[in-house]
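Inspection log for the structure reproduced underneath, given as structure tokens.
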Amino acid sequence: MDKKDWKSNAKRPELDGNLQYHIRCRPGDVADIVLLPGDPERVPKISSMWDSYEEKGRNREHVTHTGVYKGVPLSACSTGAGGGSTASAMEGLATIGAKTFIRVGTTSGIQEHIRPGDLIISSGAVRYDGTSENYVSLNYPAVADYEVNLALIEACERLGYTYHIGITATTASFFCGQNRDGFGGYRQSWFQDRYEDLRAANVVNYEMEAATVLTLSSLFRIRAGAIFTVIGNRVTDEFSYEGVEKSIEAASLAATILHEWDQKKKEKNKRYYFPSIDR
Ligand code: URA
């Protein structure tokens, strides 16, 4: 795509047919429910578990696949690492019709009982992401949608996976933001204090996108949640890249559960899902 083809409107660059600047997808390219991994290579790992899929966009860190899983239309779009590119992807996806986001990724636990290979479902996120404050005051909360979280819990129970529910700390940096030394042993005194304060406040894990996803989703009136495979524990200093597929499986299954609940809500003329809706 030649850059000169982009419309001259710098406020919101789009191509004819509403092709979105960052994700290079247009209306009709994505399903209502979109999984948001950070890593572009995780998109084919997700979609290869589905019954069928097609690639709809590929640009920079954003790869988008749309397909069908257990009869439910689904998309996955990679956000890249960190809030900035995550916000750009979400802007494009919301513009072309996404209604629900499920962030799926990897994380390190900062409480001892969070074991590598476990899953974490975020109830909310501490907003050290650096991007969501470009949208709204830091006093505004980053909270997960209760329906998305209930569907994630239901999916983990059906799959028999060990999971924890808790508050996530989203940081703009994998290294210094997560109390790791920067290059050459670079440190600031507050790195350790912030880590200890998060632990004392019962925050369970570090990652880099959830606060952006949850905050912007509330602003956009979109449902969102986040689920992670634990690959590290900062208290015990363990790191193991096993079980990454568990969060992918749980997120895809949760999407089908949400779809079923949405149908029930429609049938019963209810705005919100509740456990006894079938009775
Ligand atoms: N993702 C992060 O942001 N930090 C970790 O330690 C692991 C995954």
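Model, not experiment: these values are computed from the prediction. In listed order, ligands and their atoms are each counted from 1.
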Main-chain N/O of T131 paired to T212 side chain as donor or acceptor, under 3.5 Å = no

Classify the side-chain pair T170/E207 by whether it contains a donor and acceptor separated by less than 3.5 Å.
-> yes

Do D118 and R115 meet the salt-bridge criterion of a basic N to acidic O distance under 4.0 Å?
-> no

Does the side chain of E55 come under 3.5 Å of the side chain of Y53 through a donor N or O and an acceptor N or O?
-> no

Got the residues with a heavy atom under 4.0 Å of ligand 1, by chain and number?
-> T106, T107, S108, F174, Q178, R180, Y206, E207, M208, I231

State whether E54 and K56 are salt-bridged, where the test is any N-O pair (Lys NZ or Arg NE/NH1/NH2 against Asp/Glu carboxylate O) under 4.0 Å.
-> yes

Side-chain donor or acceptor of R127 paired with backbone N/O of S137 under 3.5 Å = yes

